[in-house]
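Heads up, the thing below is written out as structure tokens.
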Amino acid sequence: MPIRDEQTRKKKREKLRLLNESSYDREAIIASERALLEIKTEGTVYIDIPFQFDFGTNLHFSGNFYANTDCLFLDTGDINFGKNVKLGPRVQIYTVNHPVDPTERLEKGLAIASPVMIGDNVWIGGGSIINPGVVIGSNTVIGSGSVVTRSLPSNVLAAGVPAKVIREI
């Protein structure tokens, strides 16, 4: 269940700002990220700075995770990363959307959170965007600049706008 506590959000985002402005020391960054994101898993989890998140409480790592610089995680809903996941620079993962119906959107101001699940051994190319509710199967590669609007099976290469399966791996 996603945690959406505004006080925690403000505190974590301030710590994130300080982390993003710190001098580059990889080991210190890893330690700071583990504390900030409350990472309890074994294995390395490293997100190159700068990066951004919405809450910082709904990011879940299985281990051996790497994200290149300038990634964005809108974690209003849960984002679950399998083992051995690698993200290129400027990957964006969204878990929040708004109703398509303008009456609902304008009158109710609703936001809809849908979790994102990323399997083991996934590689997501730089500049890719992952939309809410998407499940990416294990061993899948997503080409740079792709926009993933629908779930992808395991063991495929997918790319494009919107991302489509190009071939099996």
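Just so you know, residue 1 is the first one in the sequence shown, and it goes up from there. In this text, all values refer to a predicted model and were calculated from it rather than measured experimentally.
Cluster membership check: I129 does not share its hydrophobic cluster with L87, using side-chain heavy-atom separations under 4.5 Å among Ile, Leu, Val, Met, Phe, Trp and Tyr. Residues V122 and V147 fall into different hydrophobic clusters, defined by Ile, Leu, Val, Met, Phe, Trp and Tyr side chains chained together at heavy-atom separations under 4.5 Å. Taking hydrophobic clusters as Ile, Leu, Val, Met, Phe, Trp and Tyr residues chained together by side-chain heavy-atom distances below 4.5 Å, I39 does not share a cluster with F55. Placement of L37 and L74 in two distinct hydrophobic clusters is found when ILVMFWY residues are connected by side-chain heavy-atom separations under 4.5 Å, directly or transitively. No path of Ile, Leu, Val, Met, Phe, Trp and Tyr side chains, each step under 4.5 Å between heavy atoms, connects L152 with V141, placing them in separate hydrophobic clusters.
Counting only heavy atoms from C-beta outward, the side chains of R13 and F53 approach each other to under 4.5 Å. The shortest side-chain heavy-atom distance between I79 and T95 falls under the 4.5 Å cut-off. Side-chain contact between N80 and V116 is absent, with no heavy atoms from C-beta onward closer than 4.5 Å. Contact check for I29 versus Y46: side-chain heavy atoms found under the 4.5 Å cut-off. Here the side chains of I124 and I130 are in contact, with some heavy-atom distance below 4.5 Å. N84 places none of its side-chain heavy atoms less than 4.5 Å from the side chain of D120. By the 4.5 Å heavy-atom criterion applied to side chains, N131 and N97 are not counted as neighbours. Looking at heavy atoms from C-beta onward, V96 lies out of side-chain contact with Y94 at the 4.5 angstrom threshold.
Going from atom CD1 of I136 over to atom CH2 of W123 covers 14.5 Å, rounded to the nearest 0.5 Å. From S138, atom OG reaches atom NZ of K83 across 11.0 Å, with rounding to the nearest 0.5 Å. With rounding to the nearest 0.5 Å, the separation of CG in N64 from OG1 in T44 is 6.0 Å.
Partners of E6 according to the side chain to side chain donor-acceptor pair (under 3.5 Å) rule, which considers only residues two or more places apart in sequence or in another chain, are R9. Residues forming a side chain to side chain donor-acceptor pair (under 3.5 Å) with K12 (at least two apart in sequence, or on another chain): E38. Not a single side chain to side chain donor-acceptor pair (under 3.5 Å) links N20 to another residue, sequence neighbours left out. Not counting sequence neighbours, the partners of E21 by the salt bridge (Lys or Arg N to Asp or Glu O under 4.0 Å) test are R17.
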Between side-chain atoms of residues 160-169 and protein atoms elsewhere (two or more places apart, or another chain), which donor-acceptor pairs fall under 3.5 Å?
none

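Using the six-membered ring where Trp is involved, F81 and F65 have ring planes that are tilted, between 30° and 60° apart.
Counting all heavy atoms, side chain and backbone alike, V45 lies closest to E33 at O-OE1, 4.0 Å. Between G88 and V91 the shortest heavy-atom distance is O-CG2, 3.3 Å. Across all non-hydrogen atoms, the minimal contact from S128 to I142 is OG-CG2, 4.0 Å. Across every non-hydrogen atom of S146 and A159, the tightest pair is OG-CA, 3.1 Å. The minimum heavy-atom distance linking G119 with V85 is given by the pair O-CG2, 3.4 Å.
At least one donor-acceptor pair under 3.5 Å links the side chain of S32 to the backbone N or O of A28. Listed for the D101 side chain is a donor-acceptor partner under 3.5 Å among the backbone atoms of E104.
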Candidate pair I118 and T140, rule side chain to side chain contact (heavy atoms under 4.5 Å, CB included), full reasoning: CA-CA 9 Å; I118 298 174; T140 289; over 6 Å; no
Full working for side chain to side chain donor-acceptor pair (under 3.5 Å) between N139 and S154: CA-CA 6 Å; N139 308 310; S154 297; 5.8 Å; no
L19 vs I49, side chain to side chain contact (heavy atoms under 4.5 Å, CB included): CA-CA, chis, key distance, verdict: CA-CA 8 Å; L19 176 64; I49 57 173; 4.1 Å; yes
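Annotation: E14, atom CD; neighbour count of heavy atoms from other residues, nucleotides and ligands within 6.0 Å is above 12. Residue K86 places its NZ atom among more than 12 non-hydrogen atoms of other residues, nucleotides or ligands, all under 6.0 Å distant.
Chaining together hydrophobic side chains whose heavy atoms lie under 4.5 Å apart places V135 alongside M117.
F51 pairs in a side chain to side chain contact (heavy atoms under 4.5 Å, CB included) with only one of the listed residues (L16, D70, L72, T69), which is L16.
Using a 4.0 Å cut-off between charged nitrogen and carboxylate oxygen, D48 and R26 do not count as a salt-bridge pair.
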